[in-house]
Amino acid sequence: MSITFSVKDHAVTNADFAAMAEQIKACHAALHNKTGKGNDFVGWVNWPTAYDKDEFARIQKAAKTIQDQSEVLIVIGIGGSYLGTKTALDFIRTPFYNERKKDTPDIYFVGNNISSAYLNDILSILGNRDFSVNIISKSGTTTEPAIAFRIFKQLLEQKYGKDGAAKRIYATTDRARGALKTMCDAQGYETFVIPDDIGGRFTVLTAVGLLAMAVADIDITQVMAGAQWAEATFSNPDVLQNPCYQYAAARNIFYRQGKSIEILANYEPHLTSFGEWYKQLYAESEGKENKGIFPVCANFSTDLHSIGQFIQEGSRYFFETVLWCKEPKSTVLVPFDEEDLDGLNFMAAKDMQFVNSKAFSGTMLAHIDGGVPNMVIEMERMDAWHFGALVYFFEKAVGISGYLLDVNPFNQPGVEAYKKNMFALLGKPGYEDLRADLEKRL
């Protein structure tokens with residue numbers, strides 16, 4: 001069980017890494033000694049070993065209660081409050097989790113948009129089934145999840161009464177303050193903690209992600225075991241000995257060469273959601289002060305028939321990182337056909353994973369020949385252990401990469417701009433002057 005990293009076709013060499021060794025060591029020290037930018041939000045660095053074991057046990061107990069009394073769990077949150085959990089379900093279980101026969105509740109995600117059509121679809125799917133809610137919000141006032149929680153809280157109280165609803169609402173929020181915490185204390189909802197020193201996009205290994213994972217019968221002990229391995233393995237400040245730091249260094253080497261876009265590519269639909277989680281983690285962490293590597297994701301071989309042409313021969317402002325899994329979750333053999341009208345009998349009796357692996361290798365070499373540097377992050381299999389390890393790998397890499405860019409990788413000041421304008425246009429008290437100015441511009 002491991003996570004490995006490599007740069008293909010000598011696009012970056014050990015000599016290049018060695019040239020950055022002192023800079024990487026300085027970034028490592030700033031991160032581990034909590035002396036760098038945003039140092040009050042680096043609790044995730046040692047979280048895999050320092051996490052609250054008592055709360056972990058409560059998470060497992062609450063998950064069992066939800067399994068026993070509910071057919072559906074509604075997870076309410078936006079950004080880091082749901083992306084990691086959705087990723088875990090797809091990665092460890094299946095993208096068809098809700099469609100599969102199972103003994104665990106279906107899990108639906110709301111509060112991540114402001115679409116009435118989407119919400120009504122979820123309500124229709126929910127129907128009259130028994131359900132519980134996990135509301136995830138540090139403050140309780142973020143618009144998208146707050147609206148959704150109002151709706152599902154009202155539905156719970158209508159269906160089960162206030163006391164019954166209180167036993168089906170689980171809040172993951174601030175330890176001591178905020179509108180949601182105040183409501184939980186007043187209503188008696190069970191609460192789990194979003195640590196003060198861990199920002200939202202780094203919280204998937206906390207109660208934010210673990211509760212729904214446990215409800216889906218994911219072994220969260222193995223998730224944390226993989227993260228613990230990664231914490232230990234990727235703590236070496238020597239870039240020549242640390243694959244995670246090599247990834248961070250290589251990204252920045254390409255950036256300095258004028259390649260400002262990273263494509264995270266995969267060859268497995270179970271990894272599609274991982275790309276969405278990666279986009280938030282890297283975009284919010286690095287995109288500041290007119291700097292940063294723009295993160296996008298591609299799902300191969302599907303996207304080779306859409307954006308593949310551009311990747312092969314378009315503008316050369318990007319590099320490619322392939323997330324590859326060696327062992328498939330299951331196997332399918334290509335059958336033999338007597339007529340062979342499609343000309344595929346040369347692949348008969350071969351496993352589809354073998355075909356997929358050759359598509360990966362052939363595509364990588366073609367893209368390299370087209371001028372796109374390629375890196376590969378490889379895991380043995382898609383299971384709970386590797387999920388925990390991979391999450392920590394990407395979190396650690398973006399922390400180092402952000403410091404290499406000389407930005408604060410742990411804040412997101414730009415996200416507040418749209419919220420301020422939206423509140424003004426909605427007529428929120430205190431925003432009258434801004435509203436008048438904005439309406440003139442529309």
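Position 1 is the first residue of the sequence, and the numbers go up from there. The basis for the numbers below is simple: all heavy atoms, side chains too, and nothing from hydrogens, waters or symmetry mates.
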Do [X] and [Y] have side chains that approach each other closer than 4.5 Å (heavy atoms only, starting at C-beta)?
| X | Y | answer |
| --- | --- | --- |
| P195 | W47 | yes |
| V12 | F319 | no |
| D342 | M347 | no |
| R58 | D54 | no |
| I377 | Y247 | yes |
| V133 | K153 | no |
| Y108 | F131 | no |
| I76 | Y82 | no |

Around [X], counting heavy atoms of other residues, nucleotides and ligands shown, do more than 12 lie under 6.0 Å from its [atom1]?
| X | atom1 | result |
| --- | --- | --- |
| M422 | CE | yes |
| F294 | CZ | no |
| K440 | NZ | no |
| R316 | CZ | yes |
| K420 | NZ | no |
| F96 | CZ | no |

Value rounded to 0.5 Å, distance of [atom1] in [X] from [atom2] in [Y]:
| X | Y | atom1 | atom2 | result |
| --- | --- | --- | --- | --- |
| C184 | Y170 | SG | OH | 12.5 Å |
| K259 | Q257 | NZ | CD | 7.0 Å |
| T104 | Y97 | OG1 | OH | 3.0 Å |
| K329 | R381 | NZ | CZ | 10.5 Å |
| F91 | L323 | CZ | CG | 7.0 Å |
| L304 | Q309 | CG | CD | 11.5 Å |

Please give me the minimum heavy-atom distance between [X] and [Y], naming the atom from each residue.
| X | Y | value |
| --- | --- | --- |
| L211 | A62 | CD1-CB, 4.1 Å |
| R201 | S285 | NE-OG, 2.9 Å |
| S273 | T87 | O-OG1, 3.0 Å |
| L240 | Q246 | O-NE2, 3.3 Å |
| A265 | F300 | CB-CE1, 3.5 Å |
| P95 | D90 | CA-OD1, 3.4 Å |

Kindly assign one of parallel, tilted or perpendicular to the pair F410 and W44, based on the angle between their ring planes and the thresholds 30° and 60°. tilted
Classify the ring geometry between Y51 and F56 as parallel (under 30°), tilted (30 to 60°) or perpendicular (over 60°). tilted
Please report the C-alpha distance between D383 and Q222 in whole Å, then the side-chain angles of each, then the deciding distance to 0.1 Å, and finally whether the side-chain contact (heavy atoms from CB on, under 4.5 Å) criterion is met. CA-CA 9 Å; D383 58 15; Q222 278 297 297; over 6 Å; no
So, the side chain of [X] versus the backbone of [Y]: is there a donor-acceptor pair under 3.5 Å, distance only?
| X | Y | result |
| --- | --- | --- |
| S132 | I169 | no |
| T182 | G178 | yes |
| T321 | L264 | no |
| Q228 | P48 | yes |
| N411 | P413 | no |
| N33 | T35 | no |
| D437 | D433 | no |
| T363 | A359 | yes |
| E268 | C325 | no |
| N98 | I107 | yes |

Just checking, is any N or O donor in the side chain of N266 or T272 under 3.5 Å from an acceptor N or O on the other one? no
Could you tell me whether the side chains of D121 and S124 share a donor-acceptor contact shorter than 3.5 Å? no
Regarding [X] and [Y], does a basic nitrogen lie under 4.0 Å from an acidic carboxylate oxygen?
| X | Y | result |
| --- | --- | --- |
| R251 | E286 | yes |
| D106 | R100 | no |
| R435 | E432 | no |

Taking the six-membered ring of F423, is the NZ or CZ of K428 close enough (under 6.0 Å from the centre) and on axis enough (within 45°)? yes
Pair F17 + Y245: ring centers closer than 6.0 Å: no
In this structure, is the centre-to-centre distance between the rings of F394 and F274 below 6.0 Å? yes
Run the numbers on N421 and L434 for side-chain contact (heavy atoms from CB on, under 4.5 Å), then give the verdict. CA-CA 8 Å; N421 287 352; L434 177 59; 4.0 Å; yes
Test side-chain contact (heavy atoms from CB on, under 4.5 Å) applied to I218 and R93, step by step: CA-CA 8 Å; I218 290 171; R93 297 293 299 269; 3.9 Å; yes
When you look at Y392 and L390, which way does the side-chain contact (heavy atoms from CB on, under 4.5 Å) test go after all the steps? CA-CA 5 Å; Y392 191 88; L390 197 64; over 6 Å; no
